[in-house]
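First the structure, in the form of structure tokens, and then the observations on it.
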Amino acid sequence: MSIISIILVLIIAFFAGLEGILDEFQFHQPIISCTLIGLVTGHLTAGIILGGTIQMMALGWANIGAAVAPDAALAGVAAAIIMVQSGNFDTKGITVAFSTAIPLSVAGLFLTMIVRTISVGLVHGADAEAKKGNFAGLERFHFVALLLQGIRIVIPALALILVPTQAVQNALEAMPAWLTDGMAIGGGMVVAVGYALVINMMASREVWPFFAIGFALAAVSDLTLIALGTIGVALALIYINLSKMGGNGNSAGGGSGSTDPIGDILNNY
């Protein structure tokens with residue numbers, strides 16, 4: 001990578017670390033971070049494919065109680081850098097880069113633990129400034145905490161960039177076929193589980209018809225992603241307009257119906 005590309009990648013990594021906490025512009029999502037890294041390094045198509053694949057896996061990641069989910073920001077950034085460093089942008093190269101995202105995302109939890117431990121001291125400092133009524137000092141502690149979150153991703157990203165490209169290529173080429181194939185199969189299973197978790201959370205009688213329609217349309221090879229997206233937007237607009245119209249008044253017991261017309265229709269069936 002050129003110097004300009006390295007600087008831009010590190011900037012993307014920094015914002016991905018920030019967004020891992022802020023959740024405002026979603027730079028930490030693999031589909032965004034990988035796409036941006038692919039764009040600044042001249043491999044946009046491969047970046048989109050890699051980001052979309054990792055995103056399907058990260059859909060099922062969520063913090064539950066004290067259990068922290070794997071680091072999606074580090075997974076996307078690190079996998080994209082490994083793909084660029086390997087110089088292999090075909091299906092095999094993307095698969096290998098995607099497979100490395102899983103262990104890297106788990107390893108990122110160690111960095112998260114360090115940053116959050118340091119943040120405990122920053123919180124006490126912010127409390128002290130708040131008692132004094134020093135809002136400028138309070139803001140400084142907040143900005144320092146955010147800065148640490150960005151550095152949490154920048155440091156491993158820089159470490160991967162500094163690894164010689166030839167060394168990365170030699171390491172990936174030395175991997176036996178059974179290992180790369182196994183990592184690909186395992187990664188695919190994780191993607192399926194992540195997507196199933198999302199469906200399980202969203203599943204309702206109102207959503208299942210749309211899922212069935214999308215599943216059937218996805219099997220039509222003549223439809224492009226743009227066409228599928230257009231159909232999805234149209235179905236969403238239809239549902240929103242029907243919801244604004246209210247129920248159909250034909251619910252059991254002669255009531256006035258619910259505010260979900262599609263639910264009423266399904267109940268009648």
Side-chain angles (χ1 to χ4, degrees), residues 1 3-41 47 50-51 54-55 57-82 100-163 194 197-198 201-202:
M1 286 189 285
I3 298 298
I4 296 178
S5 296
I6 292 175
I7 294 174
L8 292 175
V9 168
L10 293 178
I11 292 175
I12 295 170
F14 180 77
F15 280 105
L18 293 184
E19 284 300 301
I21 296 296
L22 296 178
D23 280 330
E24 186 171 358
F25 300 104
Q26 302 300 311
F27 283 116
H28 67 295
Q29 298 292 350
I31 185 63
I32 303 297
S33 60
C34 291
T35 299
L36 292 176
I37 292 177
L39 176 64
V40 300
T41 57
L50 176 63
I54 300 176
Q55 189 67 55
M57 174 179 64
L59 285 175
W61 291 351
N63 296 334
I64 302 176
V68 181
D71 194 341
L74 182 58
V77 171
I81 294 174
I82 291 175
T100 61
I102 301 174
L104 288 174
S105 62
V106 176
L109 295 178
F110 176 72
L111 296 175
T112 300
M113 180 183 65
I114 294 176
V115 171
R116 294 191 178 188
T117 301
I118 297 174
S119 297
V120 173
L122 296 176
V123 170
H124 291 306
D127 288 339
E129 297 298 330
K131 291 179 180 179
K132 301 175 184 177
N134 184 4
F135 292 102
L138 182 63
E139 289 179 350
R140 281 196 296 270
F141 277 103
H142 281 284
F143 284 126
V144 170
L146 286 175
L147 182 65
L148 291 176
Q149 292 293 338
I151 294 176
R152 172 178 63 87
I153 305 298
V154 170
I155 292 177
L158 180 60
L160 289 173
I161 292 174
L162 293 178
V163 176
L197 289 172
V198 175
M201 290 185 290
M202 297 175 59

Next item on the list: Of all the heavy-atom pairs spanning Ile54 and Cys34, show the shortest one and how long it is.
Entry: CD1-SG, 4.2 Å
Next item on the list: Mind checking the CZ-CD spacing from Phe14 to Gln149? Nearest 0.5 Å is all I need.
Entry: 10.0 Å
Can you give the donor-acceptor pairs under 3.5 Å from side chains of residues 137-148 to other protein atoms, not counting sequence neighbours?
none

Check: Are the side chains of Asp71 and Ile153 in touch, meaning some heavy atoms are under 4.5 Å apart?
Finding: yes
Could you tabulate the donor-acceptor pairs under 3.5 Å formed by side-chain atoms of residues 73-81, not counting sequence neighbours?
none

Note to self: What's the separation between atom CG in Leu10 and atom CD1 in Ile151, rounded to the nearest 0.5 Å?
What the structure shows: 12.0 Å
Next item on the list: Please indicate whether Leu162 has more than 12 foreign heavy atoms, meaning atoms of other residues, nucleotides or ligands, lying under 6.0 Å from its CG.
Entry: yes
Checklist line | Nearest-0.5 Å distance, CD of residue Gln55 to OG1 of residue Thr35 | finding: 9.5 Å
Check: How long is the gap from CG on Leu50 to CD1 on Ile82, to the nearest 0.5 Å?
Finding: 9.5 Å
Item checked: Side-chain donor/acceptor of Ser33 to backbone N/O of His28, under 3.5 Å -> no
Note to self: I want to check something: taking the side chain as every heavy atom from C-beta on, are Ile12 and Ile32 in contact at a cut-off of under 4.5 Å?
What the structure shows: no
Check: Does Glu129 reach the main-chain N or O of Phe135 with its side chain, forming a donor-acceptor pair under 3.5 Å?
Finding: no
Next item on the list: Could you tell me whether a side-chain N or O of Glu19 sits under 3.5 Å from a main-chain N or O of Phe25, the two making a donor and an acceptor?
Entry: yes
Check: Between atom NE2 of His124 and atom CG of Leu122, what is the distance when rounded to the nearest 0.5 Å?
Finding: 10.0 Å
Checklist line | Candidate pair Leu36 and Phe15, rule side chain to side chain contact (heavy atoms under 4.5 Å, CB included), full reasoning | finding: CA-CA 11 Å; Leu36 292 176; Phe15 280 105; over 6 Å; no
